[in-house]
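In what follows, a structure is listed as structure tokens, so that the remarks can point back to it.
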Protein chains: 2
Amino acid sequence: MASASYRRRQCFAGPLLAEPEWRVLDRSEIDWLNAIVMCRAYAPGQCIFHEGDACQGLYIICEGLVALRKHDGAGASVLIRLAETGDILGYRSLLAEEPYQTTAEVLKPSRVGFVATTIVHELIARKPDLAFAFLRRVCHDLGEAQERFHLTVTQSLRARVAYFLLLMKEDYGTETPDGSLLIELPISRRDMAEMIGVRSESLSRTIRQMTDDGILAFSGHRAWIGNTDRLLDELGPHVERHPMT
Amino acid sequence: MASASYRRRQCFAGPLLAEPEWRVLDRSEIDWLNAIVMCRAYAPGQCIFHEGDACQGLYIICEGLVALRKHDGAGASVLIRLAETGDILGYRSLLAEEPYQTTAEVLKPSRVGFVATTIVHELIARKPDLAFAFLRRVCHDLGEAQERFHLTVTQSLRARVAYFLLLMKEDYGTETPDGSLLIELPISRRDMAEMIGVRSESLSRTIRQMTDDGILAFSGHRAWIGNTDRLLDELGPHVERHPMT
DNA sequence: CGCCAGGTTGATTTCGCTCAAGCAATGTGG
DNA sequence: CCACATTGCTTGAGCGAAATCAACCTGGCG
């Protein structure tokens, strides 16, 4: 049927089809993709592509978690974004026709499908709506990137931690029986620090400080937030209150 | 013919047509646009649109200079990008179908054309290449925004000033007879500081420091750089050497 | 048990911010 | 034409937040 790490079937299935990009495709096109697209498994620590590599196509995370990082010459790096099940990688490079600007490092065991550049162009030519779907996504991403820059430059570390947690709440937050908020962060402290743009020691201290102030409680990758309003108060004046509309 | 501030003719003409977006249009479409598009004059200090406004369409700078800013509740603001003759404003909001995230403030006397959302959609429907052109642009912008975030988080103020000057060199730099580089910055110190993400006092100090080190010389909005390599040396290890490829 | 990676804490330093004053260029009104 | 405000930029002194360097936990695992 296939090797241990490569499979041909069932890349585009289930909830993946709900992604705005694929929703514009009809049954036959999905089937066509499923017949063509290579899907392979990655273990944590492996890289799907590296900063500077030429872009050959885009990647679809069928299952798992991947970090997009930028490195500088010294050890320092920055985590640009997390990508989880259903997310697409490499579309920026593909559509800008530039090399990858980030390294895609697998954080949790993942299955990832690959769609070659030619296939994508063919699809877009056939379905102009697909271009629209990508346009919307990229424009939204650009807005987030600008927001993030603004925030990083103007807000204190503590405000940025609060903002980060509110972002993570969207994807990883749940209500606990007693009415408080539980966030199961999928990443390490170091990665969290790299997303906020801060040293991990400083993050530790800030978390401790906020814990002492009774705003939150941490245990490993789990964060409890008793009162979300207290977190919102940490944000500077008139910062966009609901980043994820 | 027209009021003092509104004109109907000649918005799309001359070098404007060289912009990748409009190059995909043929003569008849350009004429059609020129017949429809409102062009008006703005004085420095006026705003074309404001953060939070609903997006009605996009703006084309026929002539002039405009700053896109993000404000926070306190006085602080950040300059997201400069737009000059030929540049387009508002395409992010239009294509993401979101309100404006920035305020467009005119810095130099400008003539600006307005293209309503419906017109843009009509054009894209007729010319799928237009969608491609926008995709490329937005993806490129996204790359720059990520690069900028990375830089701001990992590099020192001094390195960021160096990087900024190398960016400005692309658009505003010229060779002087004696072989050194002259950059005629179109913006104030304050705006420069807002682009770098730093207080203007700190920028002043950094410029003085670099002047004392013999790397550059400033006089008002003019900057001389004797040796570009000295500037490059200021960049951290392995930072992308040629940001504008 | 010892080892090791990830995380926390402590001590110190440094960089950039804040607040405040000075200065040059431009504008304004008498 | 001069006195005086205003604006943009630079400089100074002091402070504070975050980085740095280094030690020390803690829990998982061979």
Side-chain angles (χ1 to χ4, degrees), chain A residues 43-45 67 72 74-79 105 107-108 149-164 185-213 216-223 234 236-237, chain B residues 43-45 67 72 74-79 105 107-108 150-164 184-213 216-223 234 236-237:
Chain A
D72 66 355
S77 64
V78 163
L79 209 164
E105 183 191 331
L107 297 184
K108 289 184 178 175
F149 175 73
H150 177 234
L151 207 90
T152 305
V153 161
T154 60
Q155 302 293 312
S156 71
L157 201 166
R158 183 158 164 153
R160 280 147 65 197
V161 169
Y163 182 87
F164 172 82
L185 297 166
I187 53 171
S188 69
R189 283 306 144 87
R190 179 154 291 282
D191 287 341
M192 203 173 143
E194 284 193 9
M195 292 191 78
I196 296 169
V198 77
R199 295 284 151 215
S200 70
E201 298 97 316
S202 300
L203 177 59
S204 264
R205 276 183 249 279
T206 305
I207 287 175
R208 155 135 309 280
Q209 199 181 306
M210 292 173 92
T211 306
D212 292 345
D213 294 350
L216 45 76
F218 262 83
S219 170
H221 289 187
R222 256 175 285 268
E234 294 293 332
Chain B
D72 66 355
S77 64
V78 162
L79 209 164
E105 183 191 331
L107 297 184
K108 290 182 178 175
H150 177 234
L151 207 88
T152 304
V153 162
T154 59
Q155 302 292 312
S156 71
L157 200 166
R158 183 159 165 150
R160 281 147 64 197
V161 170
Y163 182 87
F164 171 82
E184 301 235 28
L185 296 166
I187 54 171
S188 68
R189 284 305 145 84
R190 178 153 291 282
D191 287 342
M192 202 172 142
E194 283 194 9
M195 291 192 79
I196 297 170
V198 77
R199 295 286 149 212
S200 70
E201 300 97 315
S202 300
L203 176 59
S204 263
R205 276 184 248 280
T206 305
I207 288 175
R208 154 133 310 279
Q209 202 180 304
M210 292 173 92
T211 305
D212 291 347
D213 293 351
L216 46 76
F218 262 82
S219 169
H221 289 188
R222 258 176 283 269
E234 293 294 331

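Predicted model only: the values in this text are computed from it and were never measured. Every chain is numbered from 1, with letters handed out A, B, ... down the list of sequences.
- In this structure, CD1 in B:Ile196 is found 8.0 Å from OG1 in B:Thr206, a value given to the nearest 0.5 Å.
- Between B:Ile207 and B:Arg189 the shortest side-chain heavy-atom distance falls below 4.5 Å.
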#### Entry: Worked verdict on A:Arg208 versus A:Asp213 for salt bridge (Lys or Arg N to Asp or Glu O under 4.0 Å)
CA-CA 9 Å; A:Arg208 155 135 309 280; A:Asp213 294 350; over 6 Å; no
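- With rounding to whole Å, B:Met192 atom CE is found 16 Å from D:dG8 atom P.
- For the pairing with A:Ser77, the side chain to side chain donor-acceptor pair (under 3.5 Å) check across A:Glu194, A:Arg190, A:Glu105 returns one residue only, A:Glu194.
- When all heavy atoms are compared, the tightest approach of A:Met195 to A:Phe164 is SD-CE1, 3.6 Å.
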### Task
Would you give a per-nucleotide map of nucleotides 9-20 of chain D, 5' to 3', where B means the base has a protein non-hydrogen atom under 4.0 Å away, S means only the sugar-phosphate does, and - means neither?
SBBBB----SBB
